[in-house]
Amino acid sequence: MNLSLVDPFILAQDYPDTLTEKLRSGHATCLRFNHTGDYLASGRVDGTVVIFDIETNGVARKLQGHTRQIQSLSWSRDGRYLLTSSQDWKCILWDLKDGSRVRTVRFEAPVYIAELHPFNHLLFVASLFEDQPVLVDISSSKTMKRIIPSAPIRAQPTGGSDMDPAAAAKQAAQDAKHSTCVTIFTAFGNHIIAGTSKGWINIIETETCKTIHSTRLCNGVVILARLANNGRDLLINSSDRVIRTVLMPDLSQLGVGFEPSAIKLQVEHKFQDVVNRLSWNHVTFSSTGEFVTATTFMNPDIYVWERSHGSLVKILEGPREELGVVEWHPSRPMVVACGLESGCIYIWSIISPQKWSALAPDFGEVEENVEYVEREDEFDVHPADQVHQRRLDLEDEEPDVVTLDRAENMIDSHQSGAFSVPVLLDVSDSESEEEIIAVGPGTMRRRGSGDGDTDKDSKSGVNGVTRGAGRNRRR
């Protein structure tokens, strides 16, 4: 917790190796760090959103507005606003300064995923279940929804000849079956990257909502798409059990000697388990983009690959349960993942020896015994009344438990004025795990008077009865 006690050479390690912490406040289904890594947002099966303070592992705020499972979380760039989407067909934009709702937007279908614009927190894109994705603008009093196309752009026939009418009709019928499963913004927000149920990647202009480029990457469903912090590397998880890293062109140069016809998405690496043919629940980039990590279907392990060689470098072992969403800290070698059955949040990091010399300026560590010469008054015994008076004087000082003092290396230079969630002294405690029992995978209820003692490992912290939460599946 105290970075000044940690050896800087230990922090040079690029990826975590040990399960070190476990957080709990209800049954978590999705996770997301803010851009500076100070806070971790956790969405629960009962619709509550919990904000954890990474420095203290305590609950900084709870947001209650949804009635069903949280599907996705998206932070604004300054960390003040949080967009949540849920299975109750709603998206809510929260202001973390006071925990109020800026806007609640209701859709005509359940929401797969919703992502905020990187520079405008009043603009977001949402992918809907069996419906067209929409670009939502809430800058005015009336919510504006613009439909985003899902059909890909087909290459024109060579030689300038027209396509056969029968073939054209067949192709149009096939394009009508496309549905968008995931939508994210590019680094500057000028374009939207959309993944379809047929394995296509569409690049869409944000201003016009028109598709300018389409590429087919796989034969399965595009489950998840994530951009690295540099904005040039794209990570795709699909239902064909292959994770792909794609090199993105510089879309900001469009119109300046760079035409949409010249866009090319180049697949850099394909990560897969050729022996066990594992499927991947969730994938993400590391903070520097050098590593790719993924949780596995029906398996408790987390795989970590190195992009420079495309090889597997680490398998993180942890709890004996399948893991869902996985996230990498924006600046530390820290990985968090939530368990599908228990809903606990597990943290992998580096166990490092502490520098005790940082506790006091005159304290020094020595590797072997040395001769020490004491001062004349070093061990003088002071009168008891003076010692008592000093203690009383110290008790008169009021400790400041509200002002935040963040480590300088936790905030980037361009985010020196980043927003910090105000400290609340009346945040309710996490639900008691002693009052909740599990009656099946993903099914929890409150303990009754006739229930006996059960194993603590089978208890879950969900407030009330929630069914169908054992798997956070899109299909």
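Side-chain atoms are counted along with the backbone in the values below, which use heavy atoms only and exclude waters and symmetry mates. Remember, predicted model here, so these are calculated numbers, not experimental data.
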Novice: Do Leu23 and Val336 pass the side-chain contact (heavy atoms from CB on, under 4.5 Å) test, and can you show the C-alpha distance, the side-chain angles, and the key distance before you say yes or no?
Specialist: CA-CA 10 Å; Leu23 305 180; Val336 298; over 6 Å; no
Novice: If I take atom OG1 from residue Thr143 and atom CZ from residue Arg106, how far apart are they, to the nearest 0.5 angstrom?
Specialist: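 Reported value, rounded in 0.5 Å steps: 13.5 Å.
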Novice: Heavy-atom count around Ile315 CD1 within 6.0 Å, excluding the residue itself: above 12?
Specialist: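 Count over threshold, so yes.
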Novice: Show me the pairs that pass ring pair (Phe, Tyr, Trp, His ring centres under 6.0 Å) and involve residues 87-110, at least two apart or across chains.
Specialist: none
Novice: Report yes if the side chains of Asn281 and Ile223 come closer than 4.5 Å at any heavy-atom pair, otherwise no.
Specialist: no
Novice: Test your reading of the model: is there a side-chain donor-acceptor pair from Trp348 to the backbone of Glu317, 3.5 Å cut-off?
Specialist: yes
Novice: Thr296 and Pro300: which non-hydrogen atoms are nearest, and at how many Å?
Specialist: OG1-N, 4.4 Å
Novice: Evaluate the criterion side-chain contact (heavy atoms from CB on, under 4.5 Å) for residue pair Val59 and Phe52; output intermediate values, then yes/no.
Specialist: CA-CA 5 Å; Val59 176; Phe52 290 97; 3.8 Å; yes
Novice: Closest approach of Val221 and Ser197, non-hydrogen atoms and distance?
Specialist: CG2-O, 3.5 Å
Novice: Considering the options Cys30, Ser42, Ser85, which one meets the side-chain contact (heavy atoms from CB on, under 4.5 Å) requirement together with Leu73?
Specialist: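 The side-chain contact (heavy atoms from CB on, under 4.5 Å) with Leu73 is passed solely by Cys30 among Cys30, Ser42, Ser85.
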Novice: Return the set of residues passing salt bridge (Lys or Arg N to Asp or Glu O under 4.0 Å) with Asp250 (not counting sequence neighbours), or none when no residue passes.
Specialist: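 So Asp250 forms no salt bridge (Lys or Arg N to Asp or Glu O under 4.0 Å) with any residue.
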Novice: In terms of side-chain geometry, is the basic nitrogen of Asp78 or Arg80 positioned less than 4.0 Å from the acidic oxygen of its partner?
Specialist: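 No, this pair does not count.
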Novice: Would you kindly say whether Thr206 and Asn190 are connected by a side-chain donor-acceptor distance under 3.5 Å?
Specialist: no
Novice: With a 4.5 Å cut-off on side-chain heavy atoms, are His27 and Thr29 touching?
Specialist: yes
Novice: Check salt bridge (Lys or Arg N to Asp or Glu O under 4.0 Å) between Glu115 and all other residues, then give those that pass, not counting sequence neighbours.
Specialist: Arg32
Novice: Judged by atom type as modelled, is there a donor-acceptor pair below 3.5 Å linking the side chain of Thr186 to the main-chain atoms of His191?
Specialist: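 At least one qualifying donor-acceptor pair exists.
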Novice: Considering non-hydrogen atoms only, spot the tightest contact between Ala41 and Leu82 and give its length.
Specialist: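 Ala41 and Leu82 have their closest heavy atoms at CB-CD2, 4.1 Å.
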Novice: Starting at OG of Ser214, measure out to NE2 of His178 and round the result to the nearest 0.5 Å.
Specialist: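 So the gap between those two atoms works out to 9.0 Å.
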Novice: According to salt bridge (Lys or Arg N to Asp or Glu O under 4.0 Å), who are the partners of Asp240, at least two apart in sequence or on a separate chain?
Specialist: Arg244
Novice: Atom CD1 in Ile153, atom OG1 in Thr211: separation rounded to 0.5 Å?
Specialist: 5.5 Å
Novice: Start with the C-alpha gap between Asp95 and Lys97, add the side-chain angles, then the distance that decides, and say whether salt bridge (Lys or Arg N to Asp or Glu O under 4.0 Å) holds.
Specialist: CA-CA 5 Å; Asp95 186 353; Lys97 184 177 182 179; over 6 Å; no
Novice: Supply the atom-to-atom distance Trp280 CH2 to Asn237 CG, rounded to the nearest 0.5 angstrom.
Specialist: 9.0 Å
Novice: Going by heavy atoms in the side chains, are Pro152 and Thr196 under 4.5 Å from each other?
Specialist: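 With C-beta onward as the side chain, the pair stays apart.
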Novice: Kindly indicate, with the supporting measurements, whether the criterion side-chain hydrogen bond (donor to acceptor under 3.5 Å, both in side chains) is fulfilled by Thr20 and Ser349.
Specialist: CA-CA 6 Å; Thr20 57; Ser349 58; 2.8 Å; yes
Novice: Testing the 3.5 Å rule here: is there a donor-acceptor pair between the side chains of Ser331 and Ser287?
Specialist: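 The answer is no; no qualifying pair exists.
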Novice: To the nearest 0.5 Å, tell me how far Ile263 CD1 sits from Ile212 CD1.
Specialist: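 So the gap between those two atoms works out to 4.0 Å.
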Novice: For residues Asp301 and Asn299, report the shortest heavy-atom separation together with the two atoms involved.
Specialist: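 Closest approach of Asp301 to Asn299: N-OD1, 3.0 Å.
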Novice: Do Arg307 and Asp233 touch side chain to side chain, with heavy atoms closer than 4.5 Å?
Specialist: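 When only atoms from C-beta onward are counted, Asp233 and Arg307 do touch, with a gap below 4.5 Å.
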Novice: For His117, which of Tyr81, Phe185, Phe124 qualifies under ring pair (Phe, Tyr, Trp, His ring centres under 6.0 Å)?
Specialist: Phe185
Novice: Do Pro319 and Leu19 come close enough that some side-chain heavy atom pair is under 4.5 Å?
Specialist: yes
Novice: Other residues, nucleotides and ligands only: do more than 12 of their heavy atoms fall within 6.0 Å of CZ on Phe188?
Specialist: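 It does not: Phe188 CZ has 12 such atoms or fewer within range.
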Novice: Should we say atom NZ of Lys270 is surrounded by more than 12 heavy atoms from elsewhere, each under 6.0 Å from it?
Specialist: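 No, not enclosed.
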Novice: Would a 4.5 Å heavy-atom cut-off, applied to side chains only, mark Leu123 and Leu116 as touching?
Specialist: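 No - every pair of side-chain heavy atoms lies 4.5 Å or more apart.
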Novice: Between Ser150 and Ser179, is the side-chain hydrogen bond (donor to acceptor under 3.5 Å, both in side chains) condition met? List the steps.
Specialist: CA-CA 6 Å; Ser150 297; Ser179 62; over 6 Å; no
Novice: So, do Arg77 and His121 sit near enough that their side-chain heavy atoms are less than 4.5 Å apart?
Specialist: no
Novice: Could you tell me whether Arg332 and Glu55 make a salt bridge, using a distance below 4.0 angstrom between a side-chain N and a carboxylate O?
Specialist: yes
Novice: With heavy-atom distances below 4.5 Å as the criterion, would you say the side chains of Tyr303 and Phe271 are in contact?
Specialist: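 Tyr303 does not reach Phe271 side chain to side chain.
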Novice: Side chains of Thr215 and His213 only: does a donor on one sit below 3.5 Å from an acceptor on the other?
Specialist: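 The answer is yes; a qualifying pair exists.
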Novice: Could you go through the side-chain contact (heavy atoms from CB on, under 4.5 Å) check for Leu93 and Cys91 one step at a time?
Specialist: CA-CA 7 Å; Leu93 181 65; Cys91 286; over 6 Å; no
Novice: With no hydrogens and no angle check, is any side-chain donor or acceptor of Glu321 less than 3.5 Å from a backbone partner on Glu341?
Specialist: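 Between the backbone of Glu341 and the side chain of Glu321 there is a qualifying donor-acceptor contact (under 3.5 Å).
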Novice: What residues, two or more places apart in sequence or in another chain, satisfy side-chain hydrogen bond (donor to acceptor under 3.5 Å, both in side chains) together with Asp137?
Specialist: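 Result, side-chain hydrogen bond (donor to acceptor under 3.5 Å, both in side chains) vs Asp137: Ser139.
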Novice: Run Leu265 and Ile201 through side-chain contact (heavy atoms from CB on, under 4.5 Å) and show every step you take.
Specialist: CA-CA 9 Å; Leu265 302 184; Ile201 298 295; 3.8 Å; yes
Novice: Rounded to the nearest 0.5 Å, what separation is found between the CG atom of Leu234 and the CD1 atom of Ile193?
Specialist: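 Answer rounded to 0.5 Å: 5.0 Å.
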Novice: Okay, side chain of Ser86, backbone of Gln69: is any donor-acceptor separation there less than 3.5 Å?
Specialist: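 Answer holds: yes.
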Novice: Could you tell me which residues satisfy salt bridge (Lys or Arg N to Asp or Glu O under 4.0 Å) with Arg226, sequence neighbours excluded, listed by chain and number?
Specialist: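 Salt bridge (Lys or Arg N to Asp or Glu O under 4.0 Å) check on Arg226 returns Glu327.
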